[in-house]
Amino acid sequence: MLELWRDFDESWILHEDDDLIAVDKPAGVPSQAADPGHDDDVVARLKRWLAARRGVTPDEVYLGVHQRLDRDTSGVMVFTLRRDANAALARQFAERTLAKSYVAAVSGLRELASERVLRDHLARGRDGRMQVVERPTGGAREAITRVRVRARNADRALLDLGCDTGRTHQLRVQLAHAGAPVAGDRLYGGADAVRLLLHAAQLRLQHPGDGRQLELCAALPLEIEHWLANGPIDAASDPALLRRALSLAVQARYRLGRLQHEDAPTSAFRLFHGTGDGAPDLAVDVYGEFLVAQLGGDMPDERQHDVLDALEALGPAGVYLKRHARQKNELGDARDSAWAPASAARGSSAEEEIVIHEYGVPFGVRLGAGLRTGLFLDQRENRQRIRRLASGKRVLNLFAYTGGFSLAALAGGAADATCVDASAAALAWARRNVARIGATDRHRTWHADAFDALAQLGRRGERFDLIVVDPPSYASTRNRRFVALKHYQALCEAALRVLARDGSVLACINHHGARQSKLRRDVMRAVQAGGRSVALLKDMPAQLDFPAAIGSEPESKSVLLTCD
Ligand code: SAH
């Protein structure tokens with residue numbers, strides 16, 4: 001197993017004595033558990049780590065929590081280690097007698113004077129985001145932020161910030177309102193950056209035990225300095241930046257990484273996703289102990305070596321390499337071993353086919369057989385949705401490839417599942433996958449063009465309760481050229497003709513040119529054309545491990561439609 005997701009790293013500790021412990025919280029780690037049942041927050045993680053160090057259970061570790069930081073903000077957090085230390089610290093937080101300062105990297109700040117106090121009223125808007133309100137009503141709260149420019153570079157600046165109030169997203173909202181959003185701020189219009197560039201740099205307090213002044217400082221993260229210097233946005237351009245971007249990506253996926261240890265484990269997911277993680281030409285996937293790196297085809301050799309070195313340093317059994325041509329000719333490239341070497345580029349190679357798991361369901365994947373591994377990781381959560389919906393249902397899986405959705409449906413108790421695909425090799429793979437879970441008697445494969453298969457099913461009067469429509473962007477078979485952007489509605493119309501009453505369709509498209517709104521529209525039009533009525537049409541959320549670039553939609557989009 002890839003052991004990247006330890007609870008805690010000793011290097012995060014800034015200060016520790018009998019009363020207090022202060023840590024430099026990494027960006028991406030929540031300071032409080034977002035929902036019950038997930039113990040991925042810094043408090044739970046620190047508790048587990050302290051417990052292991054002391055040889056006790058986590059419940060026996062006392063940690064007094066006085067502070068919160070946004071998940072994507074890095075920097076100082078202080079906790080009490082003894083109950084008696086609480087009152088003295090709580091008082092300082094409540095009365096704001098301790099000095100907290102933040103550093104933010106912002107853009108657009110040409111006019112702002114070098115020192116300024118921002119006073120606004122904030123309220124939660126209808127879209128859930130906080131906003132500055134010009135005419136404060138009942139719900140609005142005053143926010144006061146002191147701003148000092150620490151360094152400038154053209155329209156970029158680093159600001160030292162002090163807060164006299166502590167409202168939700170206060171700094172981010174007030175700076176955005178002042179025309180200088182924090183870089184990397186996805187909610188409030190920040191410029192492109194590898195993360196939210198907001199850092200809790202310093203906390204000065206009176207020690208609750210002996211009353212002495214204690215100054216806790218968390219060093220400025222590399223990416224903040226780099227951004228100010230207007231360095232290249234591509235983290236793969238520099239080994240130190242790349243290591244940093246990888247470590248941010250690892251923290252952002254802690255919850256997924258821990259799923260390897262569950263009783264029903266998940267051992268494959270995306271570790272690093274292109275622009276969304278700070279390097280446009282790099283994607284990295286975890287498959288059990290192995291990593292698979294996908295690089296832009298024109299990345300220079302030397303840089304490729306740096307990337308592979310950085311990945312090897314993460315400790316996998318081996319690292320596979322796939323290079324993607326700029327001009328995609330999928331099938332041709334997929335066979336070319338120069339683009340996808342059969343053995344690992346670093347470390348040792350895996351067996352020809354290895355088994356990974358998604359929520360306990362086994363899938364066979366081949367890491368050295370072309371550009372694809374046999375599993376599209378961006379559909380993991382959709383597979384899980386299908387699994388939950390499938391009990392007792394008749395399932396049709398169009399463009400089934402290696403049968404991922406059918407496998408999920410069968411694992412979820414589907415009455416039967418039919419895989420339709422134009423590739424015999426993919427269907428043989430699907431049968432191997434299904435055999436592994438002992439569900440062959442509920443599974444059939446059909447080697448056919450999806451449109452032809454739908455037409456035949458329609459003529460025969462076969463109906464399905466659950467249909468998955470997940471075509472490639474482009475495909476040419478012997479007698480058809482399919483272009484998802486053009487033919488999606490027609491495809492849905494054909495699928496709806498074989499949808500049973502109260503049936504559902506999971507409609508997916510993976511194309512940067514297809515927007516979520518277009519997918520919805522194509523699906524709606526197909527429903528109208530077929531004279532059906534919609535009971536439910538729901539956008540499926542994108543996966544945590546496939547973050548979109550700032551200001552863009554995720555590439556992989558899907559909706560779940562249920563018809564009356
Ligand atoms: N839905 C799959 C991924 C689809 S990959 C999954 O969940 O893993 C695209 C698949 O579509 C390939 O397996 C390809 O063989 C198949 N394909 C392409 N054109 C087709 C067509 N016209 N009819 C049926 N299958 C097609």
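Only a predicted model underlies this, so the values are computations on that prediction, with no experimental measurement involved. As the structure lists them, so they are numbered: ligands from 1, and atoms in each ligand from 1.
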Give me the nearest non-hydrogen protein atom to [atom] as residue plus atom name, then the distance to 0.1 Å.
atom                    : result
atom 25 (N) of ligand 1 : A422 N, 3.1 Å
atom 2 (C) of ligand 1  : F399 O, 3.1 Å
atom 18 (C) of ligand 1 : A475 CB, 3.5 Å
atom 23 (N) of ligand 1 : A450 N, 2.8 Å
atom 10 (C) of ligand 1 : D421 OD2, 3.5 Å

Given the options L560, I467, L466, L506 meets side-chain contact (heavy atoms from CB on, under 4.5 Å) only with L560
Should you measure from each heavy atom of [X], which atoms of ligand 1 turn up under 4.0 Å away?
X    : result
S423 : 15 (O)
F376 : 3 (C), 5 (S), 8 (O)
D449 : 21 (C), 22 (N), 23 (N)
D470 : 1 (N), 2 (C), 3 (C), 4 (C), 6 (C), 7 (O)
A448 : 23 (N), 24 (C)

Looking only at the side chains, is there a donor atom on one of Q294 and Y320 sitting less than 3.5 Å from an acceptor on the other? no
Using only heavy-atom distances, determine whether the side chains of R460 and Q456 contain a donor-acceptor pair under 3.5 Å. yes
Please step through side-chain hydrogen bond (donor to acceptor under 3.5 Å, both in side chains) for the pair R270 and H273, ending with a clear verdict. CA-CA 7 Å; R270 180 148 287 193; H273 184 59; 3.1 Å; yes
Determine whether the side chain, the backbone, both or neither of F405 has a heavy atom under 4.0 Å from any heavy atom of ligand 1.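 For F405, the contact with ligand 1 is made by the side chain alone.
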Does any pair with a residue in residues 412-427 pass side chain to side chain donor-acceptor pair (under 3.5 Å), and if so which ones, sequence neighbours excluded?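 Listed by first then second residue: R394-D416, T418-R444.
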Aromatic ring proximity F482/F399, centre distance under 6.0 Å: yes
NZ/NE/NH1/NH2 to OD/OE distance under 4.0 Å, D522 and K518: yes
Between R480 and D452, is the salt bridge (charged side-chain N to carboxylate O under 4.0 Å, His left out) condition met? List the steps. CA-CA 10 Å; R480 181 169 278 113; D452 294 345; 3.5 Å; yes
Closest non-hydrogen contact found for D545 with R253 is O-NH2, 3.1 Å
Residue-ligand contact A453/ligand 1, heavy atom below 4.0 Å: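 A453 does not count as a contact of ligand 1 under the 4.0 Å cut-off.
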Kindly identify the option in W446, W429, F451, Y401 whose heavy atom sits closest to atom 8 (O) of ligand 1. Y401
